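Notes for the one structure printed next.
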Amino acid sequence: MDFEPPFQGTCKTLLQNPTHFHDKPSDVDECELPVIDLNNLNFGHTEREKIVSEVAQAASQWGFFQVVNHGVSQEVVNDMQYEQKRLFRQPFPKKVENNILNLSANSYRWGNPEATCLKQFSWSEAFHISTTEIPTMKTEHKSLRSTIEAFVKTVSGLARSLAEILAQPLGVKPVYFEENCPARTSYLRLNRYAPCPFSSQVCGLISHTDTDFLTIVYQDQVGGLEIYKDGRWLGVKPNPEALIVNIGDFFEALSNGIYKSIKHRVVTSQKVERFSVAYFYCPSYDVVIKSCGKPALYRQFTLREYKQQTQTDVQEIGEKVGLSRFLL
């Protein structure tokens with residue numbers, strides 16, 4: 001199929017070397033993430049305080065939770081799924097052209113051509129779209145642009161509301177996010193996980209944590225998201241009514257380790273493709289991230305510094321090290 005990236009060709013050598021196989025057990029228990037009903041925010045102070053407590057508990061114990069009655073309509077979700085499939089069905093040579101959506105260079109990414117072993121290779125493709133680039137997308141993709149605008153309009157407000165809820169138990173003022181996370185600094189990622197004939201050996205997205213405050217994800221009902229909790233991998237059961245929220249590295253640092261940015265990955269399927277949309281709630285590049293507790297676990301840093309360190313680690317050892325680089 002002309003729309004598929006050359007996954008097999010790129011990792012052919014890796015697949016032929018059994019010592020490089022990914023340690024990915026086939027028997028992973030399934031879990032249901034904590035579910036937070038945001039509709040209860042409308043029922044007065046007592047219910048709001050209950051939501052604050054539930055969200056904070058999920059963020060500290062799981063690092064992941066689900067929200068229902070989140071404000072994103074089923075119509076927008078259905079439109080997003082349709083538009084994603086249309087976009088990823090474009091011929092591969094056209095997708096790798098930087099001007100397919102009039103986005104910045106390297107907005108379209110697939111696999112990891114520089115991987116030296118299977119645990120560094122992701123059997124997936126994605127479009128990374130800065131919120132500042134959405135209005136300038138090509139007119140031939142007008143329906144995709146309008147769908148993304150509708151999704152981001154709701155999810156951006158949801159991200160800020162959840163960040164303010166999470167800030168309350170920490171004693172961090174709500175204006176912190178208004179001042180440090182303007183809409184232009186966040187971005188959207190459209191993901192497609194292609195069927196993989198080597199699903200027992202290759203991940204759709206390798207194990208990682210997120211470089212942001214929090215991430216909001218809509219996934220289809222195929223499944224495949226796994227989280228690392230209490231020393232083992234757990235599969236996340238899809239919920240058609242929910243959005244998934246996970247804590248990013250910056251909230252763990254800001255909370256002084258109270259909230260957990262935990263490792264997660266996506267496993268592949270041999271026969272079925274999977275789609276998801278992720279919104280990454282990020283600060284400006286030069287905002288200083290500083291632990292709110294004492295003694296501080298992490299030294300202060302900026303997004304710019306954090307990304308530079310991550311890039312160095314990936315080049316030198318093949319993977320992101322993350323917050324442990326900033327421990328005091």
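The chain is numbered in sequence order, starting from 1. This one's a predicted model, so the numbers in the text were calculated from it and none came from an experiment.
Under a cut-off of 6.0 angstrom, the local environment of CZ in R299 is crowded, with over 12 non-hydrogen atoms contributed by other residues, nucleotides or ligands.
Shown here for G235 and E226, the closest heavy-atom pair between the two residues is CA-CG, 3.9 Å. Contact record, L214 with A159: CD1-CB, 3.9 Å, taken as the closest heavy-atom pair. When all heavy atoms of C31 and L234 are compared, the closest pair comes out as SG-CB, 3.9 Å. Here the closest heavy-atom approach between residue P238 and residue D220 is recorded as CB-O, 4.0 Å.
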May I have the step-by-step check of salt bridge (Lys or Arg N to Asp or Glu O under 4.0 Å) for E273 and R89, ending in yes or no?
CA-CA 12 Å; E273 63 183 350; R89 289 294 186 274; 2.5 Å; yes
Audit row: R265, I206, side chain to side chain contact (heavy atoms under 4.5 Å, CB included) steps and yes/no:
CA-CA 5 Å; R265 67 186 183 186; I206 60 174; over 6 Å; no
Please report the C-alpha distance between Y228 and S207 in whole Å, then the side-chain angles of each, then the deciding distance to 0.1 Å, and finally whether the side chain to side chain contact (heavy atoms under 4.5 Å, CB included) criterion is met.
CA-CA 9 Å; Y228 194 70; S207 172; over 6 Å; no
Would you please test R160 and E178 for salt bridge (Lys or Arg N to Asp or Glu O under 4.0 Å) and show each step?
CA-CA 8 Å; R160 181 170 158 184; E178 180 181 353; 3.3 Å; yes
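With hydrogens and angles left out, the side-chain atoms of E241 and Q74 include no donor and acceptor closer than 3.5 Å. There is a side-chain donor-acceptor pair under 3.5 Å between K320 and T211. If you check the side chains of T132 and S130, you find a donor sitting under 3.5 Å from an acceptor.
Between the side chain of T139 and the main chain of K142, no donor-acceptor pair closer than 3.5 Å is present. Here the side chain of S261 pairs no donor or acceptor atom with the backbone of T209 at under 3.5 angstrom. With hydrogens and angles ignored, the 3.5 Å screen pairs no side-chain donor or acceptor of D210 with any backbone N or O of D212. With hydrogens and angles ignored, the 3.5 Å screen pairs no side-chain donor or acceptor of S269 with any backbone N or O of C196. The backbone N or O of M80 lies less than 3.5 Å from no partner atom in the side chain of T147, so there is not a single donor-acceptor pair. S284 contributes no side-chain N or O that, together with a main-chain N or O of V287, makes up a donor-acceptor pair within less than 3.5 Å. Judged purely by atom type and a 3.5 angstrom limit, N112 uses its side chain to pair as donor or acceptor with the backbone of Q120. A donor-acceptor distance shorter than 3.5 angstrom exists from the side chain of T185 to the backbone of P182, with no hydrogens or angles considered. Looking only at distances, no side-chain donor or acceptor of T154 sits under 3.5 Å from a matching main-chain atom of V72. Checking side-chain atoms of W123 against main-chain N and O of G111 turns up no donor-acceptor pair under 3.5 Å.
Electrostatic pairing of E83 and R86 counts as a salt bridge here, judged by a charged N lying under 4.0 Å from a carboxylate O. For the pair E125 and K95, the salt-bridge criterion is met [side-chain N within less than 4.0 Å of a carboxylate O]. For the pair R48 and E164, the salt-bridge criterion is not met [side-chain N within less than 4.0 Å of a carboxylate O]. Under 4.0 Å is where a charged nitrogen must lie from a carboxylate oxygen, and between R192 and E4 at least one such pair does. Salt bridge absent: E133 and R184 never bring a charged side-chain N and a carboxylate O closer than 4.0 Å. Between E30 and K237 no salt bridge is recorded (no basic side-chain N to carboxylate O distance below 4.0 Å).
Checked against the 6.0 Å centroid criterion, the rings of Y218 and F151 do not qualify as a close aromatic pair. A ring-centre distance under 6.0 Å is found for F250 and F301. Less than 6.0 angstrom separates the ring centroid of F326 from the ring centroid of Y306. Between F251 and Y259, the distance from one ring center to the other falls under 6.0 angstrom. You'll find the ring centres of Y193 and F275 outside the 6.0 Å limit. A distance below 6.0 Å separates the ring centres of H264 and F64.
Relative to the ring axis of W62, K229 places its NZ or CZ within 45° and under 6.0 Å from the centre.
Relative orientation of the F121 and F7 rings is perpendicular, given thresholds of 30° and 60° on the angle between their planes. In this structure, Y187 and F280 have parallel ring planes: the angle between them is below the 30° cut-off, well short of the 60° mark.
Atoms CD1 and CG, on I134 and L103 in that order, are 9.5 Å from each other to the nearest 0.5 Å. To the nearest 0.5 Å, the span separating CD1 on I216 from OG on S186 amounts to 9.5 Å.
Residues V155 and L188 are not in side-chain contact: their nearest non-hydrogen atoms beyond the backbone lie 4.5 Å or more apart. Between P6 and F92, some side-chain heavy-atom pair lies under the 4.5 Å cut-off.
Judged as a salt bridge (Lys or Arg N to Asp or Glu O under 4.0 Å), the pairs with a partner in residues 274-297 (not counting sequence neighbours) are, in order, D286-R304.
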